[in-house]
Amino acid sequence: WFTNALVRFIEASQRQGQSEKVLRPYVDLARRLGDAMIRLQDSAALGGVRYGPAHEYFKEGTVEPFEQINSENNVGAYVAFRMLYSLTQDPAYDRAAVRILDWFRNAPVWTADGRPQRGLFELPSHTLAMGAQWQGGRWVLQSEHPSDSGGTWTISCLGPGLIDRK
């Protein structure tokens with residue numbers, strides 16, 4: 001979210017005639033945030049952005065954030081990468097956005113009852129899974145069904161045309 005707001009601020013400032021020199025620190029910060037998100041992309045997960053870095057603080061008795069890939073956060077990261085690409089024309093951000101779509105469409109995941117499937121779209125409920133957790137050497141879909149990240153937020157960010165494209 002912060003990256004998205006920062007890019008919007010930069011674009012608005014550019015439209016108002018703010019100089020590149022004045023905006024350089026903001027652009028640099030946006031790029032640093034984007035590069036950090038790229039480092040959280042997991043190649044084993046086809047580019048899904050993990051919920052957080054490995055071995056950082058998390059509440060005892062909960063799943064370590066590094067062992068989760070949350071759909072809502074990945075939708076937000078997709079938007080951030082698209083906005084960063086629009087701002088910088090750096091192809092690394094375009095590739096990062098495409099990798100997130102690959103995760104949503106093609107991720108090798110398993111349902112909670114052990115059935116393999118491709119992608120995070122759950123056919124029985126017609127929703128985007130809330131996310132997946134790394135369990136037993138594979139990504140297992142979370143059993144919760146979101147109303148926001150799998151619905152209005154995803155449609156708003158990706159658009160129905162992209163969602164419906166096979």
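What you see below is based on every heavy atom in this structure, not just the backbone, and it leaves out hydrogens, waters and symmetry mates.
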Novice: Can you tell me how far apart OG (Ser19) and CD (Gln14) are? Round to the nearest 0.5 Å.
Specialist: 10.5 Å
Novice: Taking the side chain from Thr88 and the backbone from Leu84, do they hold a donor-acceptor pair closer than 3.5 Å?
Specialist: yes
Novice: In terms of the angle between their ring planes, are Trp103 and Trp139 parallel, tilted or perpendicular, with boundaries placed at 30° and 60°?
Specialist: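 Aromatic pair Trp103/Trp139 classed perpendicular.
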Novice: Considering all heavy atoms of both residues, which atom of Gly76 and which atom of Asn4 are nearest to each other, and what is their separation?
Specialist: O-ND2, 3.8 Å
Novice: Would you name the heavy atoms of Gly34 and Phe81 that are closest together and state the gap between them?
Specialist: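 The answer is O-CE2, 3.5 Å.
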Novice: Rounded to the nearest 0.5 Å, what separation is found between the CD1 atom of Ile100 and the CZ atom of Arg105?
Specialist: 12.5 Å
Novice: Is there a donor-acceptor pair under 3.5 Å between the side chain of Tyr93 and the backbone N or O of Arg31?
Specialist: yes
Novice: With a 4.5 Å heavy-atom cut-off, do Glu72 and Met130 have their side chains touching?
Specialist: no
Novice: What are the two closest heavy atoms between Ala129 and Leu141, and how far apart are they?
Specialist: CB-CD2, 3.8 Å
Novice: Can a donor-acceptor pair be found, under 3.5 Å and without considering hydrogens, that links the side chain of Asp42 to the backbone of Gly48?
Specialist: no
Novice: Roughly how far apart are Arg82 CZ and Leu101 CG, rounded to 0.5 Å?
Specialist: 8.5 Å
Novice: Would you check if the side chain of Gln41 reaches a backbone N or O of Gly47 as a donor-acceptor pair within less than 3.5 Å?
Specialist: yes
Novice: List the atom of Leu120, the atom of Ala107, and the distance in Å for their closest heavy-atom pair.
Specialist: CD1-CB, 3.8 Å
Novice: A quick test of your reading: do over 12 heavy atoms of other residues, nucleotides or ligands sit less than 6.0 Å from CZ of Arg138?
Specialist: yes
Novice: Kindly indicate whether the side chain of Ser13, heavy atoms from C-beta on, has any atom under 4.5 Å from the side chain of Tyr26.
Specialist: no
Novice: Does CD in Gln89 sit with more than 12 non-hydrogen atoms of other residues, nucleotides or ligands closer than 6.0 Å?
Specialist: yes
Novice: Flag the pair Val27 / Glu20 as yes when at least one side-chain heavy-atom distance between them is below 4.5 Å, and no otherwise.
Specialist: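 In short, these two side chains do not touch, never coming nearer than 4.5 Å.
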Novice: Do Val49 and Phe2 share a hydrophobic cluster, counting only Ile, Leu, Val, Met, Phe, Trp and Tyr and linking them when any side-chain heavy atoms are less than 4.5 Å apart?
Specialist: yes
Novice: Determine whether Gln133 and Gln135 satisfy the following criterion, side-chain hydrogen bond (donor to acceptor under 3.5 Å, both in side chains), listing intermediate values before the conclusion.
Specialist: CA-CA 6 Å; Gln133 293 180 358; Gln135 297 174 351; 3.0 Å; yes
Novice: Measure the shortest side-chain to side-chain distance between Asp113 and Arg115 over non-hydrogen atoms and say whether it is less than 4.5 angstrom.
Specialist: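 With C-beta onward as the side chain, the pair touches.
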Novice: If I take atom CZ from residue Arg32 and atom CE from residue Met37, how far apart are they, to the nearest 0.5 angstrom?
Specialist: 13.0 Å
Novice: Does Pro116 reach the side chain of Val109, with side-chain heavy atoms less than 4.5 Å apart?
Specialist: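 No. Closest side-chain heavy atoms not under 4.5 Å.
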Novice: Donor-acceptor pair, Asn106 side chain versus Arg118 backbone, under 3.5 Å?
Specialist: no
Novice: Rounded at 0.5 Å granularity, tell me how far CG in Leu29 sits from CD1 in Ile10.
Specialist: 8.0 Å
Novice: Working to the nearest 0.5 angstrom, can you tell me the gap between Ile69 CD1 and Phe104 CZ?
Specialist: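 CZ of Phe104 is found 9.5 Å from CD1 of Ile69.
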Novice: State, to 0.1 Å, how close Ala112 and Val140 come at their nearest heavy-atom pair, and which atoms those are.
Specialist: CA-CG1, 4.1 Å
Novice: Judged by atom type as modelled, is there a donor-acceptor pair below 3.5 Å linking the side chain of Thr3 to the main-chain atoms of Leu33?
Specialist: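 Checked: no pair found.
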Novice: Can a donor-acceptor pair be found, under 3.5 Å and without considering hydrogens, that links the side chain of Gln117 to the backbone of Gly119?
Specialist: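 Here the side-chain-to-backbone pair exists.
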Novice: Which atom pair, heavy atoms only, marks the closest approach of Gly131 to Ser71?
Specialist: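 Closest approach of Gly131 to Ser71: N-OG, 3.7 Å.
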Novice: Considering only NZ, NE, NH1 and NH2 on the basic side and carboxylate oxygens on the acidic side, decide whether Arg39 and Asp35 come within less than 4.0 Å.
Specialist: no
